Amino acid sequence: MNVHRTVVTAARVLAQLRADHRTIALMLVVPCVLIGLLAWIFQDTPVFDALGAPLLGVFPFVVMFIVTSVATLRERTSGTLERLLTTPMGKGDFMLGYALAFGVMAVLQALVATGFAVWVCGLDVAGPVWQLVVVAVLDALLGSALGLLASGFARTEFQAVQFMPAFVLPQFLLCGLLVARDRLPDVLHVVSDVLPLSYAVDAMKVVTTSASPGQDVTADATVIVGWVVASLVLGSLTLRRRTA
Amino acid sequence: MMNNAVEIDGLRVVRGGRTVIPGLSVRVPAGQVVGLLGPSGSGKSTLIRAVVGVQVVAAGSVRVLGEPAGSPTLRHRIGYVTQSPSVYDDLTVRANVRYFASILGAPRTSVDEAIAAVDLGSHADSPVGRLSGGQRSRASLACALVGDPELLVLDEPTVGLDPVLRRDLWDLFGRLAAQGRSLLVSSHVMDEAARCDRLLLLREGEVLADATLPDLLQRTGATDAEGAFLALIDRAEEAAR
Ligand SMILES: Nc1ncnc2c1ncn2[C@@H]1O[C@H](COP(=O)(O)OP(=O)(O)OP(=O)(O)O)[C@@H](O)[C@H]1O
Ligand SMILES: [Mg+2]
């Protein structure tokens with residue numbers, strides 16, 4: 001592990017993103033548009049206050065998943081990864097560099113999306129808003145880390161894009177948004193207890209409904225961070241210096 | 001001073017279920033420019049990948065600068081250029097070279113030197129994705145030169161370049177060898193054989209010839225590299241029948 005190589009890699013990934021204005025705009029604007037749409041659909045009903053916050057966790061998660069898995073897959077298919085792995089670059093440096101770069105994007109995205117939801121769409125938040133932001137950042141990071149992991153199993157960009165529904169939609173169905181998790185059939189309840197998006201959504205719900213959500217959020221956040229770390233470790237194991 | 005930059009014994013490589021290199025033993029002397037020639041699909045890139053340690057090998061030993069290929073200690077000492085340019089299209093030439101320089105711990109001044117060495121000074125601030133094919137491959141080469149490696153392994157670095165640029169690059173390779181660097185360079189262009197100190201001719205993953213150009217010409221009675229190359233391939237094909 002080498003801090004310098006991690007940081008220059010993160011800077012390089014950010015420089016690449018900066019050159020791609022459209023992707024940056026999509027990352028920042030798409031969650032806001034979706035949340036705005038949701039608020040509009042459910043205007044004059046309490047639904048937005050119930051669904052707004054959980055979806056504030058889900059949208060950045062999905063966007064970051066796609067962007068990260070495609071970005072790292074491009075690195076694999078363009079030959080730059082093969083080349084990098086002949087240099088002193090460590091696999092962990094590479095993974096952390098990506099995580100750091102997309103972590104910066106996650107912070108930006110969370111600030112913009114949360115700000116938009118609370119101040120423009122009037123989302124009711126019982127707990128402190130900063131905790132909402134922190135959870136949104138963690139959710140976006142979780143999307144990045146899972147995207148990094150998923151790209152290890154994709155050979156083409158088509159496959160990487162297909163992983164979005166494969167990795168994300170089942171979690172979405174089971175995360176408690178459609179049916180409360182404790183009302184799910186037993187087997188599905190157990191599965192939803194394992195999947196990380198459930199905790200992302202739980203944390204968002206707690207912050208919006210409880211005036212002092214501290215402890216519950218910390219527990220959920222710990223699980224999310226655990227998943228982020230596990231995905232990064234597993235992801236770096238899928239990097240092979242030697243290939244056939 | 002090592003005598004050989006690369007020592008390969010009994011190398012066997014299987015790719016996609018096919019034996020691409022059945023059993024190859026060869027030496028690449030240090031301080032020379034060694035040309036790796038052979039028909040398309042003969043295994044040049046595969047051999048190069050084995051030397052830089054990114055190829056899964058089925059058997060045999062590959063030693064590079066005295067260490068097993070792929071050793072962590074070699075990663076500062078080898079420069080590798082893949083056949084298709086592996087650079088970041090959305091970054092400028094300078095940003096690409098600077099990135100590889102910081103990973104390799106090369107001094108900042110080496111960035112502009114490497115860019116100048118491949119004659120891309122006038123395009124240093126253009127995104128690589130907006131360069132021509134030849135310019136992109138030179139950007140890729142600059143990223144390998146910037147670490148000032150002891151061994152440069154270059155997979156067809158001169159493809160798509162005009163005669164003037166090719167001459168300049170081969171002059172550069174010659175200068176690097178004169179400074180004691182070792183170079184293994186694959187090529188399709190036969191007249192470039194004349195610029196190599198030594199030639200390795202591959203056919204179906206086997207070494208057809210490992211000699212200097214004058215030796216090859218004498219052995220085949222040909223007048224140029226292309227003639228010698230064709231004569232050797234024809235002979236091998238005759239023998240195979
Ligand atoms: N990724 C791969 N998977 C499976 N087989 C491969 C792969 N890459 C190359 N091969 C096979 O290995 C053999 C040697 O390929 P290699 O790329 O080493 O040839 P080459 O001499 O570099 O050819 P060229 O001059 O066209 O670049 C070919 O028969 C090819 O089909
Ligand atoms: Mg090749």
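Below, chains carry the letters A, B, ... as their sequence lines are ordered, and counting in each starts from 1. Everything numeric in this text was worked out from a predicted model, so none of it was measured. The basis for the numbers below is simple: all heavy atoms, side chains too, and nothing from hydrogens, waters or symmetry mates.
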key: Closest-packed option against chain B by number of heavy-atom pairs under 4.5 Å, given A/Thr86, A/Thr243, A/Val8   = A/Thr243
Of all heavy-atom pairs between [X] and [Y], which one has the smallest distance, and what is that distance?
X: A/Leu197; Y: A/Leu142; answer: N-CD2, 4.4 Å
X: B/Glu206; Y: B/Pro22; answer: CG-CG, 3.7 Å
X: A/Ala221; Y: A/Leu138; answer: CB-CD1, 3.6 Å

ask   = Given that the side chain runs from C-beta out, which part of A/Arg74 has a heavy atom under 4.5 Å from chain B: side chain, backbone, both or neither?
value = side chain
ask   = Side chain, backbone, both or neither: which part of A/Arg5 has a heavy atom under 4.5 Å from chain B?
value = side chain
Whether over 12 other heavy atoms sit under 6.0 Å from B/Glu204 CD = no
query = Checking side-chain contact (heavy atoms from CB on, under 4.5 Å) against B/Ser187, which of B/Glu192, B/Glu156, B/Arg166, B/Arg195 comes through?
reply = B/Glu192
Contact class of [X] relative to chain A, heavy atoms under 4.5 angstrom:
X: B/Ser102; value: both
X: B/Ile103; value: both
X: B/Pro85; value: backbone
X: B/Tyr99; value: side chain
X: B/Arg98; value: neither

task = Give the ring-plane orientation class for A/Phe163 versus A/Phe167, where under 30° counts as parallel, over 60° as perpendicular and anything between as tilted.
result = perpendicular
query = What are the residues of residues 109-140 of chain B, in order of number, with any heavy atom under 4.5 angstrom from a heavy atom of chain A?
reply = B/Ser140
task = Any chance you could measure A/Leu234, atom CG, to A/Leu148, atom CG, to the nearest 0.5 Å?
result = 11.5 Å
Heavy-atom side-chain proximity of B/Val97 to B/Cys143 below 4.5 angstrom = yes
ask   = Salt-bridged, B/Asp148 to B/Arg181, with N to O below 4.0 Å?
value = yes
key: Pairs of heavy atoms under 4.5 Å with chain A: top-ranked of B/Gly105, B/Ser84, B/Ser86   = B/Ser86
